[in-house]
Amino acid sequence: MPKTAYVRTKPHLNIGTMGHVDHGKTTLTAAITKVLAERGSGTFVPFDRIDRAPEEAARGITINIAHVEYETDTRHYAHVDMPGHADYVKNMVTGAAQLDGAILVVSALDGIMPQTAEHVLLARQVGVDHIVVALNKADAVDDGEDTVLTDLVELEVRELLSAHGYGGESVPVVRVSGLRALEGDPRWTAAIDALLDAVDTYVPMPERYVDAPFLLPVENVLTITGRGIVVTGAVERGTIRVGDRVEVLGAAVDTVVTGLETFGKPMAEAQAGDNVALLLRGVPRDAVRRGHIVAAPGSVVPSRRFSARVYVLSSGEGGRTTPVATGYRPQFYIRTADVVGDVDLGERAVARPGDTVTMRVELGREVPLEPGLGFAIREGGRTVGAGTVTSVD
Ligand SMILES: Nc1nc2c(ncn2[C@@H]2O[C@H](COP(=O)(O)OP(=O)(O)OP(=O)(O)O)[C@@H](O)[C@H]2O)c(=O)[nH]1
Ligand SMILES: [Mg+2]
């Protein structure tokens with residue numbers, strides 16, 4: 001049976017759930033799809049279809065990012081559910097790199113925890129401009145007559161967001177219970193509606209550069225035996241049609257797009273902002289990986305060297321306790337890529353935790369770079385710095 005084609009009837013945005021492990025991101029994601037399915041706009045995606053890898057089920061945590069789609073009255077959304085566990089921040093960064101806005105999930109029982117703060121910092125760095133807060137597990141807080149405990153958590157979250165330039169006073173904070181909404185409790189399904197209204201109104205439709213040369217940072221790669229490979233990700237800019245030629249930077253591959261889909265629905269044309277799967281003809285398995293870039297041929301020149309302004313996280317923010325010096329070689333997280341890089345601090349030579357410095361970086365491999373591009377610096381499983389490219393050398 002031929003699959004039904006994707007019909008673009010509403011503006012499309014990419015959002016996602018982030019926050020500390022176990023605060024309820026996957027439960028909330030399932031609840032959102034359930035509430036909307038009952039409104040007749042989308043399909044319910046149960047919890048175990050989001051965390052579906054055997055290791056995820058066994059450990060009760062999210063490891064891989066998962067995508068679901070849904071529609072509100074005014075918009076079509078691709079929603080990325082990201083892992084909260086400290087060991088999988090790598091995967092979280094890949095998910096966040098595609099977002100137009102994020103839902104920060106904070107358990108009202110626990111308040112801000114280390115990955116709550118780390119995710120906010122990383123979101124800022126990879127270019128997520130708008131955050132809406134879901135104060136989850138509101139059903140479980142023993143607040144008695146007033147809501148003093150939850151009020152304190154809310155205050156704390158607003159301060160955290162302000163500290164990272166998100167204007168915490170004006171960020172919508174909605175008290176929800178993903179778990180009770182999934183069970184159909186009307187008080188809490190109404191809270192999901194309120195959360196979606198906040199996302200619809202607070203996260204603006206970003207400008208889409210549909211006329212720019214095509215660029216898509218690869219999030220995932222699948223092999224279809226005999227047909228080629230499929231790469232998935234969000235289109236950063238431009239437009240692509242079946243039959244268009246592309247190159248894969250990082251893999252040194254020239255090829256043709258032979259199929260295009262979004263959430264299993266074929267499309268003739270994908271444009272900036274769309275979350276898509278591209279079928280690429282004749283590309284050997286294993287040639288393309290997460291972090292590579294699919295682009296219009298000749299449209300970008302990748303480079304290894306750049307200058308940047310970098311904030312070195314303080315130890316209180318989970319960063320290093322000792323200074324970094326010229327010769328330091330951490331991992332740089334740029335779009336969906338992570339690449340090792342050599343740091344040169346010039347005459348300054350050292351940077352202490354808490355400092356903002358200018359540095360030159362030489363990456364281990366070429367990636368497309370441009371002034372203004374944000375990135376994170378990680379080392380030994382923790383985030384130690386956040387920066388912005390100032391010039392490409
Ligand atoms: N009481 C209560 N429990 C909840 C709520 N939402 C989630 N939980 C419980 O919290 C636990 C963690 O929920 P998940 O949805 O897996 O949390 P998560 O944030 O996706 O976790 P990671 O993806 O591993 O970071 C589960 O036992 C849920 O049943 C809620 O609104 N109220
Ligand atoms: Mg989860």
Side chain proximity check, V256 to L280, heavy atoms < 4.5 angstrom: no
Passing candidate, side-chain contact (heavy atoms from CB on, under 4.5 Å) with M18, options D81, L99, I131: I131
Minimum-distance pair of heavy atoms, taken over all atoms of G233 and E219: CA-CB, 4.0 Å
Please find the pair of heavy atoms, one from V276 and one from A270, that lie closest to each other, and give the distance. CG1-CB, 3.6 Å
Does V218 offer a backbone N or O that forms a donor-acceptor pair with the side chain of T336 under 3.5 Å? yes
Can you tell me how far CG of L313 sits from CZ of R378, rounded to the nearest 0.5 angstrom? 10.5 Å
Does T239 reach the main-chain N or O of V210 with its side chain, forming a donor-acceptor pair under 3.5 Å? yes
Using the rule that two of Ile, Leu, Val, Met, Phe, Trp, Tyr join whenever any of their side-chain heavy atoms come within less than 4.5 Å, decide whether V312 and V120 are in one cluster. no
Between R245 and D254, does any side-chain N to carboxylate O distance fall below 4.0 Å? no
Please verify the inter-ring angle class for Y77 with Y70; under 30° counts as parallel, over 60° as perpendicular, anything in between as tilted. tilted
Any P213 side-chain heavy atom under 4.5 Å of V300 side chain: no
Salt bridge flag under 4.0 Å for residues E71 and R8: no
Under a 4.0 Å threshold between the charged nitrogen and the carboxylate oxygen, would R304 count as salt-bridged to E362? yes
Check: S307/D393 side-chain N/O donor and acceptor closer than 3.5 Å: yes
Side chains of E317 and Y311: any donor to acceptor distance under 3.5 Å? yes
Are K10 and D73 close enough for a salt bridge, meaning some N to O gap below 4.0 Å? no
In terms of side-chain geometry, is the basic nitrogen of R158 or E154 positioned less than 4.0 Å from the acidic oxygen of its partner? yes
Examine the side chains of S107 and N136 and answer whether a donor and an acceptor come within less than 3.5 Å of each other. no
Would you tell me whether S162 and E169 have side-chain atoms, one donor and one acceptor, within less than 3.5 Å of each other? yes
So how far is it from I32 CD1 to F44 CZ, rounded to the nearest 0.5 Å? 12.0 Å
Donor + acceptor pair across side chains of Q331, E379 (<3.5 Å): no
Taking the six-membered ring of Y166, is NZ or CZ of R124 closer than 6.0 Å to its centre and within 45° of its axis? yes
Heavy-atom count check: over 12 atoms from other residues, nucleotides or ligands less than 6.0 Å from Y209 OH? no
Answer yes if the side chains of T29 and H79 hold a donor-acceptor pair under 3.5 Å, and no otherwise. yes
Rounded distance (nearest 0.5 Å) linking atom CG of N91 with atom NE2 of H85: 12.0 Å
Does any N or O in the side chain of H20 come within less than 3.5 Å of the main-chain N or O of Q115, such that one atom is a donor and the other an acceptor? yes
Which heavy atom of A295 sits nearest a heavy atom of L249, and at what distance? CB-CD1, 4.0 Å
Grouping I, L, V, M, F, W and Y whenever their side-chain heavy atoms are under 4.5 Å apart, do V231 and V253 come out in a common cluster? yes
Are any of the side-chain heavy atoms of M113 and H23 separated by less than 4.5 Å? yes
With a 4.5 Å cut-off on side-chain heavy atoms, are V203 and L13 touching? yes
Heavy-atom side-chain contact between D197 and Y202 under 4.5 Å: no
Is it the case that the side chain of D244 and the backbone of R241 share a donor-acceptor pair, with hydrogens and angles ignored and the cut-off at 3.5 Å? yes
Would the distance check show the side chain of T33 and the main-chain N or O of V45 forming a donor-acceptor pair, the cut-off being under 3.5 Å? yes
Test side chain to side chain donor-acceptor pair (under 3.5 Å) applied to Q125 and H164, step by step: CA-CA 10 Å; Q125 231 35 51; H164 289 90; over 6 Å; no
Answer yes when E56 and R52 have at least one side-chain N-carboxylate O distance shorter than 4.0 Å, and no when they do not. no
Under the 6.0 Å and 45° cation-pi test, does R320 pair with Y328? yes
Tell me yes or no: between the side chains of T358 and R309, is some donor less than 3.5 Å from an acceptor? yes
Please report the interatomic distance CG(L121) to OG1(T116), rounded to the nearest 0.5 Å. 12.5 Å
Assigning hydrophobic clusters by single linkage (Ile, Leu, Val, Met, Phe, Trp, Tyr; side-chain heavy-atom cutoff under 4.5 Å), is V343 placed with L369? yes
Do D342 and D344 touch side chain to side chain, with heavy atoms closer than 4.5 Å? no
Treating D355 as the side-chain partner and V357 as the backbone partner, does any N or O pair qualify as donor plus acceptor under 3.5 Å? no
Under 4.5 Å between any side-chain heavy atoms of P323 and R352, yes or no? yes
To the nearest 0.5 Å, tell me how far E69 CD sits from T262 OG1. 6.5 Å
Can you name the closest pair of heavy atoms from V324 and L345 and give their distance? O-CD1, 3.6 Å
Which atom pair, heavy atoms only, marks the closest approach of T390 to P371? O-CB, 3.7 Å
Evaluate ring pair (Phe, Tyr, Trp, His ring centres under 6.0 Å) for F332 paired with F375, printing each intermediate quantity in order. CA-CA 7 Å; F332 288 78; F375 59 87; 5.7 Å; yes
Quick one: do K90 and E118 make a salt bridge, cutoff under 4.0 Å? no
Non-hydrogen atoms of S299 and A296 that approach each other most closely: OG-O, 2.7 Å
Does the side chain of R281 reach to within under 4.5 Å of the side chain of I229, using non-hydrogen atoms? no
Does the salt bridge (charged side-chain N to carboxylate O under 4.0 Å, His left out) test come out yes or no for D151 and R175, once each step is laid out? CA-CA 10 Å; D151 291 346; R175 298 177 187 199; 2.8 Å; yes
Under a 4.0 Å N-O cut-off, is there an ion pair linking D100 with R208? yes
Under 6.0 Å from the CZ atom of R365, do we count more than 12 heavy atoms belonging to anything else shown? yes
Dump the intermediate steps for ring pair (Phe, Tyr, Trp, His ring centres under 6.0 Å) on Y6 and H76, then the final yes or no. CA-CA 11 Å; Y6 174 67; H76 178 260; 5.4 Å; yes
Tested for side-chain contact (heavy atoms from CB on, under 4.5 Å) against V93, the lone hit among V126, I65, T383, D338 is V126
Could R39 and D193 be called an ion pair, given the rule that one side-chain N must be under 4.0 Å from one carboxylate O? yes
Tell me if a side-chain donor or acceptor on K25 pairs with a main-chain N or O of G16 at a distance below 3.5 Å. no
Separation between CD1 (I334) and CD1 (I377), nearest 0.5 Å, reads 9.0 Å
Would you find more than 12 non-hydrogen atoms of other residues, nucleotides or ligands less than 6.0 Å from R382 atom CZ? yes
